[in-house]
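Just below is one structure, and these are the notes that go with it.
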Amino acid sequence: MEKKRKQHYVWEYYLTAWASNQQVYCLRDHKIFPTNTENILQERDFYRIGSFNLETIELIKQLLAPKNNSNSYLIKDMIEDYFSVYFEIESKKMDSSSADILINNYIEDLHSKVESEAKKYIESLRNKNIEFYKDEFNRIRFTTFIMAQYLRTNKMRNNFISNMNTPDLIEKSLKTHWKDPLNGLKEAWPIFHVILSSMLAAGLALQKYNCVLLEISGECEFITGDQPVINTKSIGINILSEVKELEFYYPITNKLAVLLTDKNIGDKISLSCEHVDAYNKLIMRASDKALVATNKELLDRYRT
């Protein structure tokens with residue numbers, strides 16, 4: 001088994017919708033440059049699992065499955081299932097080389113599986129067909145994919161660490177073997193964000209959020225970036241507990257985007273270039289370091 005070192009935190013196949021001959025234009029550090037989709041929005045060993053033990057798993061249970069939650073036992077079972085990698089390694093039944101590869105590839109492989117299942121949904125949407133979303137099973141699978149794309153990024157990893165810096169959580173963390181609780185929580189983030197994306201997806205599916213296709217009526221284009229899925233209701237809010245509404249926007253090509261919303265606004269909406277610019281500015285504000293487009297001139301408008 002090969003160790004997968006170059007790990008994209010934005011799906012590379014997704015980025016090809018903005019590419020010509022596998023080349024896109026990227027805005028990063030105030031510079032615009034052409035680049036291959038293979039070389040951007042990725043980091044070496046990004047999803048590698050750090051050091052954790054049983055106390056780590058108990059901490060995650062405390063955070064996601066409090067005792068007053070009626071579904072806490074189901075959530076705890078899901079947490080233990082995702083953390084099965086820990087028990088597999090601790091069983092000492094595999095050699096150190098195999099264990100190292102498992103630690104490095106585990107989350108990357110989970111994302112690859114979700115992406116593989118979601119590819120048919122993305123292709124359907126790019127063909128302006130949202131019929132799959134009316135089926136409950138497909139709706140849950142697609143929503144799980146969207147939540148994974150929302151939470152898997154470097155921006156969300158950093159936000160997670162920042163939001164964990166509260167006295168109550170640090171007190172709980174100090175019961176573990178970590179000397180620095182923030183570093184400990186960062187170690188747990190690769191698995192934590194996968195569990196959280198599944199929980200968010202289940203919640204959205206139960207609330208029956210609508211899937212709306214956003215089409216462009218003019219000659220303008222959508223951009224994307226290193227935070228490709230955004231909650232339009234949380235832009236500018238840094239504290240997770242202060243987010244009261246959810247509405248997820250996801251550009252899927254330079255001409256099409258998807259909106260998951262609780263509003264009944266129809267299956268398809270035609271956007272003016274003014275509205276497209278507004279969504280592009282939301283992507284810009286939500287981004288961490290990089291924006292992506294089909295051409296340099298478009299990115300020039302969003303250079304700050």
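Quick note: residue numbers are just sequence positions, from 1.
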Main chain of [Y], side chain of [X]: is a donor-acceptor contact present, judged purely on distance under 3.5 Å?
X	Y	value
Thr16	Ala19	no
Asp262	Glu247	no
Glu12	Glu38	yes
Asn231	Glu245	yes
Arg28	Ala290	no
Thr224	Pro251	no
Ser217	Leu271	yes
Ser20	Gln23	no
Gln7	Tyr47	yes
His8	Thr37	yes

Euclidean distance, [Y] [atom2] relative to [X] [atom1], rounded to 0.5 Å:
X	Y	atom1	atom2	result
Ile269	Ile216	CD1	CD1	13.5 Å
Ile49	Asn104	CD1	CG	9.0 Å
Glu43	Thr153	CD	OG1	11.5 Å
Arg141	Phe132	CZ	CZ	13.0 Å
Asp277	Glu221	CG	CD	13.0 Å
Asn280	Leu298	CG	CG	6.0 Å

If we only count heavy atoms from C-beta on, is the [X] to [Y] side-chain gap below 4.5 Å?
X	Y	result
Leu200	Leu151	yes
Tyr121	Cys211	no
Leu214	Val212	yes
Ile191	Tyr106	yes
Asp267	Leu213	no
Met156	His193	no
Pro228	Trp11	no
Ile32	Arg303	yes

Could you check whether [Y] and [X], counting side-chain N and O atoms only, form a donor-acceptor pair closer than 3.5 Å?
X	Y	answer
Ser198	Tyr82	yes
Asn154	Arg157	yes
Ser98	Asp95	yes
Tyr9	Asp288	no

For this session: Decide yes or no on ring-ring contact (aromatic ring centres under 6.0 Å, His included) for Phe160 and Phe192, but give the supporting numbers first.
Result: CA-CA 10 Å; Phe160 170 77; Phe192 183 92; 4.6 Å; yes

For the student: nearest non-hydrogen atoms of [X] and [Y], plus distance:
X	Y	value
Phe248	Leu204	CE1-CD1, 3.7 Å
Ile252	Tyr14	CA-CE1, 4.0 Å
Asp226	Lys289	OD2-N, 2.6 Å
Ile223	Ala293	CG2-CB, 3.9 Å
Thr35	Cys26	CG2-CB, 4.0 Å
Tyr302	Leu291	CB-CD1, 4.0 Å

Could you state whether [X] and [Y] fall into the same hydrophobic cluster, counting links through intermediate Ile, Leu, Val, Met, Phe, Trp or Tyr residues with side-chain heavy atoms under 4.5 angstrom apart?
X	Y	value
Leu282	Leu299	yes
Met199	Tyr150	yes
Ile265	Tyr249	yes
Val292	Tyr13	yes
Phe33	Val10	no

For this session: Verify the neighbour count for atom NZ of Lys281: are there more than 12 heavy atoms of other residues, nucleotides or ligands below 6.0 Å?
Result: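 Count not over threshold, so no.
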
Exercise. Heavy-atom count around Lys120 NZ within 6.0 Å, excluding the residue itself: above 12?
Worked result: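 Buried by this count: over 12 neighbours within 6.0 Å.
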
For this session: Report the C-alpha distance between Arg48 and Glu108 in whole Å, list the side-chain angles of each, state the deciding distance to 0.1 Å, and finish with yes or no for salt bridge (Lys or Arg N to Asp or Glu O under 4.0 Å).
Result: CA-CA 8 Å; Arg48 183 179 176 85; Glu108 174 72 5; over 6 Å; no

Exercise. Tyr209 and Tyr133: side-chain contact (heavy atoms from CB on, under 4.5 Å), yes or no, with the steps?
Worked result: CA-CA 10 Å; Tyr209 268 57; Tyr133 195 78; 4.1 Å; yes

Problem set entry | From Lys128, Lys268, Lys255, residue fulfilling side chain to side chain donor-acceptor pair (under 3.5 Å) relative to Glu215 | Lys128

For this session: Show your reasoning for whether side-chain contact (heavy atoms from CB on, under 4.5 Å) applies to Val24 and Ile40.
Result: CA-CA 10 Å; Val24 296; Ile40 57 169; 3.7 Å; yes

Exercise. Could you walk me through whether Ile122 and Glu115 pass the side-chain contact (heavy atoms from CB on, under 4.5 Å) check?
Worked result: CA-CA 10 Å; Ile122 295 299; Glu115 291 163 355; over 6 Å; no

For this session: Report the C-alpha distance between Asp109 and Lys4 in whole Å, list the side-chain angles of each, state the deciding distance to 0.1 Å, and finish with yes or no for salt bridge (Lys or Arg N to Asp or Glu O under 4.0 Å).
Result: CA-CA 9 Å; Asp109 287 343; Lys4 301 171 182 177; 2.4 Å; yes

Exercise. Hey, mind stepping through Asn39 and Lys6 against side-chain contact (heavy atoms from CB on, under 4.5 Å) and telling me if it holds?
Worked result: CA-CA 9 Å; Asn39 297 324; Lys6 184 180 285 189; 3.3 Å; yes

For this session: Indicate yes or no: does Asp45 engage Arg5 in a salt bridge with an N to O separation below 4.0 Å.
Result: yes

Exercise. Do the charged groups of Asp300 and Lys296 touch, with an N to O distance under 4.0 Å?
Worked result: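 Between Lys296 and Asp300 there is a salt bridge, with a charged N closer than 4.0 Å to a carboxylate O.
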
Exercise. Parallel, tilted or perpendicular for Tyr279 and Phe222, by the 30°/60° rule?
Worked result: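 Answer is perpendicular, since the angle exceeds 60°.
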
